[in-house]
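First up is the structure itself, then whatever we jot down about it.
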Amino acid sequence: MSNYHIKHLEEYYQVYRKSVREPEHFWEEIAEEHFLWYKKWDNVLTWDFSKPEVKWFEGAKLNITVNCIDRHLTTSANKTAILFEPNNPNEAAEHITYRQLHKRVCQFANVLKDKGIKKGDRVCIYLPMIPELAIATLACARIGAIHSVVFAGFSSTALATRINDSDCKMVITSDGSYRGAKTIDLKGIVDEALNECPCVESVLVVKRIHSEINMKEGRDEWIAPLLEEAYEDCVPEVMDAEDPLFILYTSGSTGMPKGMVHSTAGYMVYTAYTFKNVFQYKEGDVYWCTADIGWITGHSYIVYGPLANGATTVMFEGVPSYPDFGRFWDIVEKHKINQFYTAPTAIRALAKEGLELVEKYDLSSLKVLGSVGEPINEEAWHWYNDNIGKKQSPIVDTWWQTETGGIMITPIPFATPTKPTYATLPFPGIQPALMDEEGKELKENQVSGRLCIKFPWPSMARTIWGNHQRYKDTYFSAFENKYFTGDGALRDEVGYYRITGRVDDVIIVSGHNLGTAPIEDAVNEHPAVAESAIVGFPHDIKGNALYGYVILKDVGEGRVHDNLRKEINQIITEHVGPIAKLDKIQFTKGLPKTRSGKIMRRILRKIASNDTSNLGDTSTLLNPEVVQDIMDNVL
Ligand code: WTA
């Protein structure tokens, strides 16, 4: 019997040791006992990080939606699978049972088929957090189409880039979305994007806000009438273990966003097993992750992981501040949430609002609290622990990435003693390594280094869509025979890990990964801009905010500068999205560069962070004089 459910620390260590000693046997047992397969695997694992190539459960045949939906019909058909909480607190919540989910996914899948979508085709989903988002995702998986969900806060340019990169044949969207007191014209954004996307043949539109929208003849169709006509059962496509399940884009430090490709069997096994243990999910619990399905957290821990365990998973359409900052706690009370999973940026924003909005609500249903997306600072950790968990609910600080597919370093609640700001111990099957800059592994405790993983795990991304070389260069070239995460970490005296942040040019703003390159490209589009460099600086709520250094073609006046700042942020909003707006823009005559012409971001970062005590040797720069000038004019 596999130890599917870890309950105490000793058991964790026992399971962990087994997972390292006999990884194949370990994962095979879990896969055998807890999932439905049309055919079992020929090989549990083949791998070679030098290519890189990783295959889990090769030869196996399955469909992930059968594991997430159909198999629960015999035991839990009337149990709520998805509990939808609308943006407007006065609109009724919707309980979608496993039986209803089955029907709605099958009907949606049949519509996709009617529209000519086949196994392996890419379908872009650009929807707000409404049930159709989860249903469309699962409908793609039902028929073997590869979904590419794009977060509905991205701009039309960002959407077009992602649609074109993976040649999506179809876009699924809505007439608009609610976000607090605002409505957003999603269909308008799609229309604009599609001017640049010849690959898209059809657009299916969900009605959400009942606004007047433009429907292009021969391309766009409302989905509701098609669903009504659609047959209620859909035979699942038989998928190979390694068939791609989805593509999800994440920012790189340079260039285009990377379309991370996740495969079917390994992803299913790993997200299901981590969900069960990291949240200690028990039958009857109501679990809520506040992320958007447009990010990996939503894919793995709103949709696939919870449903594979037959759980009740909450989907929230709105924002934490609407109608007031008590909304999260109102929902916890209303639906008696047992596991609550959110991001440090949300915790910091809510902590600022005072305790009256927390104390109004009964939070006694909570058992486990989670944190994800960025390092959680000590103050936020204590606020969360004291006021939300009332010191009774362990906080799982879960470290992982879009690329890793599932949670990698985390406490197991009630087993691993927690420690503020520490993600603590590797999950079973995960073998972390800290590396120094020369590429040597630091084996002792109480060290810090670059965080790598030295053995494959089932849910790791298999490639970057259309660019395997980039996958190799980004993740498998910095350190031989290891996956490099891009993060720095330290390990304390007992072996607990603390993630210290990115060591590359990815900046995490409010939990969202942003690459500097596409933002700089947008800024440089402004006709008055000659060159720009963007760095992160610490921010109370967002964790990091963006600081732009901009060289103008002609140096202008103060008033002109204010207008320019607005215009620059407007361009960023159009090209990348509002999350990438710059908090501060400093106009400067020059940027510090190395003799080979590379911008020294390290120096810019320190100046923006008000930390100029140790700038290092600047004399070897091409233009050392600009450093003082930038420091004199810092905002
Ligand atoms: C950061 C989100 C510290 C990290 C699941 C990582 C964290 C990046 C944590 C991935 C955490 C995520 N503590 N840092 N608990 N969780 N990160 O791809 O820098 O959106 O590399 O995946 O977020 O972000 P992504």
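Numbering of ligands and ligand atoms starts at 1, following listing order.
Judged by the 6.0 Å distance and 45° axis criteria, Arg450 is not positioned over the aromatic ring of Phe479.
The immediate protein surroundings of ligand 1, defined as residues with any heavy atom under 4.0 Å of it, consist of Ile296, Thr297, Val372, Gly373, Glu374, Pro375, Asp397, Thr398, Trp399, Trp400, Gln401, Thr402, Asp487, Ile499, Arg502, Ile508, Asn513.
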message = Please determine whether side chain to side chain contact (heavy atoms under 4.5 Å, CB included) holds for the pair Met256 and Asn467, giving the CA-CA distance in whole Å, both sets of side-chain angles, and the decisive distance to 0.1 Å.
response = CA-CA 11 Å; Met256 292 267 294; Asn467 200 343; over 6 Å; no
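Arg498 is linked by a side-chain contact (heavy atoms from CB on, under 4.5 Å) to Thr421, Tyr422, Leu490, counting only residues two or more places apart in sequence or in another chain. For the side-chain contact (heavy atoms from CB on, under 4.5 Å) test, residues two or more places apart in sequence or in another chain that qualify with His575 are Thr157, Ala522, Glu525, Ile571. The side-chain hydrogen bond (donor to acceptor under 3.5 Å, both in side chains) search around Thr342 returns Thr290, not counting sequence neighbours.
Taking the charged nitrogens against the carboxylate oxygens, Lys542 and Asp583 do have a contact shorter than 4.0 Å, which makes a salt bridge.
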